[in-house]
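Only one structure is covered here, and it is reproduced in the block below.
Chain A is the first sequence line, chain B the second, and so forth, proteins listed ahead of strands; every chain is numbered from 1.
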Amino acid sequence: MKSKILPPESIDELMHRAQEMAGLNLGQLAEIHNVAVPSNLKRDKGWIGQLIELELGATAGSKPEQDFLHLGVELKTIPVDESGKPLETTYVTVAPLMNINGLRWQESLVYHKLQRVLWIPVEGIRQKPIGERRIGSPILWTPSEAEMTQIRQDWEEIMELIALGKVEQITARHGEVLQLRPKGANSRALTQSIAQDGQVKLTNPRGFYLKIPFTQQILSRYLTAN
DNA sequence: AGATGATCATAT
DNA sequence: ATATGATCATCT
């Protein structure tokens, strides 16, 4: 019996919805949408993100695009501790491992998704029951030139290693603000990648993630701005 | 304790 | 298999 919430028509409308949602806890929001609150997130890791998508009218789906394509906005929920510090890295997008010769930064999924991000901080303290965790104030972030440069440099370094067939040598320690980590069903999941001799080989799928100190800076930068 | 590598659910 | 939504859980 849930009423479908339509996508917001403007950024103002999106922000208004997000501000109205701030201060609620997840139990209250779940009740509004008639969904059950899981007792933990072990088997429901994306539950919070999808609940908030529902409330804000994001287009559900698995398309590799921004959540609000017509507004140029990507939605990210981010778990934070009591002081507002992120508790986890932030997944951005899968990393392309094939057909990447000549792929430029401005054409990358990372570049497009991070043009503008609506961050929704949510209490993520593991000991706190899911339903009691509160939703924070939204932060609409457009990367500064310096921030984009940092991300771009990490992206280019990582993509070059991938192009050289060295994907398996890349660890999460590479990159100042953007890292490459496994992103798949499990460590047995395989996808095509480039071998050192230029042939095709199989590797675990990877994704790009933003490191915690970077997202922490973003959140704290906007904290006093209201 | 924090970060890295692994994993879970679902849609297409 | 690949994309979305991410957090879990082990290692250092």
Side-chain angles (χ1 to χ4, degrees), chain A residues 4 7 26 29-30 33 35-69 73-83 85-100 108-110 112-114 117-131 133 135-136 154 158 162 167-193 200-217:
Chain A
K4 164 89 176 180
L26 295 174
L29 193 60
H33 293 280
V35 300
V37 180
S39 54
N40 64 69
L41 298 178
K42 270 188 196 176
R43 308 217 149 224
D44 296 273
K45 295 180 182 179
W47 185 82
I48 297 173
Q50 291 175 345
L51 178 62
I52 286 175
E53 281 185 346
L54 266 183
E55 171 68 14
L56 296 181
T59 316
S62 51
K63 295 186 291 291
E65 290 293 354
Q66 291 161 314
D67 295 285
F68 303 98
L69 188 56
V73 173
E74 170 73 8
L75 176 65
K76 289 285 174 208
T77 61
I78 184 165
V80 296
D81 67 13
E82 42 278 286
S83 69
K85 180 192 169 180
L87 288 165
E88 294 286 347
T89 56
T90 301
Y91 170 68
V92 180
T93 167
V94 293
L97 304 181
M98 287 289 288
N99 307 316
I100 56 175
S108 72
L109 243 27
V110 173
H112 284 289
K113 287 214 174 179
L114 297 184
V117 177
L118 179 59
W119 298 97
I120 308 289
V122 178
E123 287 184 319
I125 303 105
R126 287 197 200 182
Q127 291 73 21
K128 190 157 190 168
I130 310 286
R133 298 184 189 177
I135 299 165
D154 288 343
I158 290 166
I162 292 173
V167 62
E168 277 156 345
Q169 297 171 34
I170 306 171
T171 74
R173 296 163 194 81
H174 282 80
E176 271 186 67
V177 302
L178 187 74
Q179 64 183 178
L180 193 75
R181 300 223 308 279
K183 172 57 171 166
N186 52 53
S187 58
R188 285 137 257 145
L190 293 174
T191 190
Q192 290 188 331
S193 68
V200 174
K201 69 175 175 184
L202 294 176
T203 320
N204 307 135
R206 313 298 168 104
F208 284 111
Y209 297 78
L210 294 174
K211 293 184 173 182
I212 289 175
F214 185 70
T215 53
Q216 182 172 11
Q217 276 196 161

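- With hydrogens and angles disregarded, no donor-acceptor distance shorter than 3.5 Å links the side chain of A/Glu176 to the backbone of A/Asp154.
- Under 3.5 Å, the side chain of A/Tyr209 and the base of B/dA3 form no donor-acceptor pair of N or O atoms.
- The separation between A/Ile212 atom CD1 and B/dT4 atom P is 9 Å, rounded to whole Å.
- Comparing C/dA6, C/dA3, B/dT4 by their nearest atom to the side chain of A/Val94 picks out C/dA3.
- Straight-line distance from the CD atom of A/Glu88 to the C1' atom of B/dT7: 12 Å, rounded to whole Å.
- Place A/Trp47 and A/Arg133 on DNA chain C by their nearest nucleotides, and A/Trp47 ends up nearer the 5' end.
- With A/Glu123 contributing its side chain and A/Arg133 its backbone, the two residues share no donor-acceptor pair below 3.5 Å.
- The residue A/Glu74 sits close only to the backbone: its heavy atoms come under 4.0 Å of sugar-phosphate atoms, none of a base.
- Between A/Asp67 and A/Leu118 there is no side-chain heavy-atom pair separated by less than 4.5 Å.
- Residue A/Gln179 has a polar side-chain atom (N or O) positioned under 4.0 Å from OP1 or OP2 of B/dT4.
- The side chain of A/Thr77 contributes an N or O atom lying less than 4.0 Å from OP1 or OP2 of C/dA6.
- Between the CG atom of A/Leu210 and the P atom of C/dA6 there is a distance of 12 Å, rounded to whole Å.
- Under 4.0 Å is where a charged nitrogen must lie from a carboxylate oxygen, and between A/Arg126 and A/Glu88 at least one such pair does.
- A/Glu168 has a carboxylate O that lies under 4.0 Å from a charged side-chain N of A/Lys201, or vice versa, which qualifies the two as a salt bridge.
- Remark: P of B/dT10 and CD of A/Glu53 are 15 Å apart, rounded to the nearest angstrom.
- Minimum atom distance to the side chain of A/Thr93 is reached by C/dT4, of the listed B/dA6, B/dC8, C/dT4.
- Nearest nucleotide to the side chain of A/Pro79, out of B/dA9, C/dT4, C/dT7: C/dT7.
- Both A/Gly46 and A/Asn40 lie close to DNA chain C; mapped to their nearest nucleotides by heavy-atom distance, the more 5′-ward contact belongs to A/Gly46.
- Within the model, atoms OG1 of A/Thr59 and CZ of A/Phe68 stand 7.0 Å from one another, a figure rounded to the nearest 0.5 Å.
- In terms of phosphate contacts, A/Tyr91 brings no side-chain nitrogen or oxygen within less than 4.0 Å of OP1 or OP2 of C/dT7.
- The base of B/dT7 sits within donor-acceptor range of the side chain of A/Lys45, with an N or O pair under 3.5 Å.
- Residues A/Val35 and A/Trp47 are in side-chain contact: their nearest non-hydrogen atoms beyond the backbone lie under 4.5 Å apart.
- Residue A/Gly49 is in sugar-phosphate contact alone, with no base atom involved, counting any heavy-atom pair closer than 4.0 Å across all strands shown.
- Interface residues of residues 180-192 of chain A facing DNA chain C, ordered by number: A/Arg181, A/Lys183, A/Leu190, A/Thr191; criterion, heavy-atom separation under 4.0 Å.
- For A/Lys76, the listed nucleotide lying nearest its side chain is C/dA6; candidates were B/dT4, C/dT4, C/dA6.
- Here A/Asp67 lies in heavy-atom contact (under 4.0 Å) with sugar-phosphate atoms only.
- In this view, A/Tyr91 and A/Tyr209 satisfy the ring-ring contact (aromatic ring centres under 6.0 Å, His included) rule, not counting sequence neighbours.
- Between B/dA9, B/dT4, C/dA6, one nucleotide has an atom nearer to the side chain of A/Arg173 than all others, and that is B/dT4.
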